[in-house]
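Remarks on the structure that follows.
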Amino acid sequence: MFRRVRVFGLQFNHLMDTLQVFASSGHELVLKYPNANMQLECQMNEGGNGSVVNMYAQLDSQEMPIPKDLSDYWQDPSSYFLIPGSLLKETIEDLEWTAIGSNNSTVEVRMQRQPRRLSFTAQAAGSLQIDFPVGDLGGFSCAEALVCFSYKYKNLRTALSNIPQKDATGVSSKVDFSRTGIVSFMMVAEEEGADGSND
């Protein structure tokens, strides 16, 4: 059976802000697209004690081309580092205070080939730089003498929100950067053997 696929775009920060408002409820969220104004409608009904509260939002959509595979956008040479997932999660949490009261907080990721160096620097309401000990990196490859890209803090926080908690062991994060700055996150977990050991 043929099904038509409709592709549309949304401003990422508007979508995330809207979902955070609805997430505090815990009730079922209904999404409808399109309405008469080509918008995405978000609706949630809360009932209790004979009363009904209706939460409602509309998000303007943008026409988008048919999405392609990530490999269609990826340009080599790429750079990457491999780091314990818990350490990466702690870093993003430590940088959060610089974003308080600001919607424009950015994080600069800087990789240096010689001497080998990796740092995250956040700037907005405040400034904080975190340098990673080289010994904590399970892998490191820098395509150029210096690779440097900047990202919105809220986008990085969202992308890394599902990293296991700090007590998780055997979980690493592989972070890849394309030549143009597209970033890819991959969680790498050790396989547990039948005897309970990690392989």
Side-chain angles (χ1 to χ4, degrees), residues 1-76 78 85 88-89 91-109 120-127 148-165 173-187:
M1 179 179 178
F2 176 77
R3 299 181 63 183
R4 182 185 177 189
V5 177
R6 184 187 292 270
V7 179
F8 64 96
L10 297 170
Q11 281 196 280
F12 185 75
N13 60 324
H14 291 174
L15 176 62
M16 294 308 302
D17 291 343
T18 301
L19 293 179
Q20 287 178 0
V21 172
F22 284 103
S24 62
S25 172
H27 289 73
E28 181 182 23
L29 174 62
V30 178
L31 303 178
K32 296 180 181 180
Y33 179 86
N35 64 8
N37 297 317
M38 298 301 293
Q39 296 171 314
L40 175 67
E41 292 187 357
C42 307
Q43 186 172 355
M44 180 179 292
N45 295 321
E46 300 182 20
N49 299 324
S51 63
V52 176
V53 178
N54 182 274
M55 299 176 64
Y56 187 79
Q58 293 180 328
L59 299 176
D60 291 331
S61 63
Q62 302 171 353
E63 290 294 328
M64 297 289 291
I66 299 297
K68 300 180 181 180
D69 188 82
L70 177 62
S71 61
D72 294 328
Y73 300 98
W74 195 268
Q75 295 184 28
D76 288 325
S78 60
L88 184 57
K89 187 178 183 71
T91 299
I92 297 301
E93 292 174 350
D94 289 344
L95 295 175
E96 184 175 11
W97 74 268
T98 65
I100 296 176
S102 173
N103 292 322
N104 298 313
S105 178
T106 60
V107 176
E108 180 187 78
V109 182
F120 280 39
T121 303
Q123 292 185 345
S127 177
C148 183
F149 297 109
S150 294
Y151 305 94
K152 291 286 188 180
Y153 172 80
K154 62 167 57 179
N155 294 348
L156 285 181
R157 181 189 61 192
T158 301
L160 299 173
S161 61
N162 290 325
I163 292 180
Q165 297 300 315
S173 299
K174 185 182 181 185
V175 185
D176 287 274
F177 302 90
S178 74
R179 182 177 64 84
T180 57
I182 296 176
V183 60
S184 169
F185 300 97
M186 180 184 299
M187 299 300 113

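The figures here come from the full heavy-atom set of this structure, side chains too, leaving out hydrogens, waters and symmetry mates.
No donor-acceptor pair under 3.5 Å is formed between the side chain of Tyr151 and the backbone N or O of Val109. Listed for the Asn35 side chain is a donor-acceptor partner under 3.5 Å among the backbone atoms of Asn37. Here the side chain of Ser127 pairs no donor or acceptor atom with the backbone of Gln123 at under 3.5 angstrom.
Between Asp176 and Lys174, the closest heavy-atom pair is OD2-CE, 3.4 Å. Counting all heavy atoms, side chain and backbone alike, Glu96 lies closest to Tyr153 at CB-OH, 3.1 Å. Minimum heavy-atom separation, Met44 to Leu29: CE-CB, 3.8 Å. Closest approach of Arg157 to Ile92, counting heavy atoms only: CA-CG2, 4.0 Å.
Open room surrounds CE on Met186; 12 or fewer heavy atoms of other groups in view lie less than 6.0 Å from it. Counted within 6.0 Å of CD on Glu28, heavy atoms from surrounding residues, nucleotides or ligands total 12 or fewer; the atom is thus considered open.
Within the model, atoms CG of Asp76 and CH2 of Trp74 stand 8.0 Å from one another, a figure rounded to the nearest 0.5 Å. Atoms CG and OG, from Leu10 and Ser61 in turn, are 7.0 Å apart once rounded to the nearest 0.5 Å. Once rounded to the nearest 0.5 Å, the distance linking CZ of Phe149 with CZ of Arg179 reads 9.0 Å. Rounding to the nearest 0.5 Å places OG of Ser150 at 4.5 Å from CD of Glu108. Separating the CG atom in Leu156 from the OG1 atom in Thr91 is a distance of 11.5 Å, to the nearest 0.5 Å. Atom CZ of Phe120 is separated from atom CG of Leu95 by 8.0 Å, given to the nearest 0.5 angstrom.
For the pair Leu59 and Thr18, the minimum side-chain heavy-atom distance is below 4.5 Å. Between Lys154 and Asn13 there is a side-chain heavy-atom pair separated by less than 4.5 Å. At a threshold of 4.5 Å between non-hydrogen side-chain atoms, the residues Thr158 and Met16 count as touching. No side-chain heavy atom of Lys89 sits under 4.5 Å from any side-chain heavy atom of Asp94. Contact check for Met38 versus Asp60: no side-chain heavy atoms found under the 4.5 Å cut-off. Looking at Ser78 and Phe177, their side chains never come closer than 4.5 Å, going by heavy atoms from C-beta outward.
Between the side chains of Tyr56 and Glu41, at least one donor N or O lies within less than 3.5 Å of an accepting N or O.
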- Would you please test Val175 and Val183 for side chain to side chain contact (heavy atoms under 4.5 Å, CB included) and show each step? CA-CA 7 Å; Val175 185; Val183 60; 3.7 Å; yes
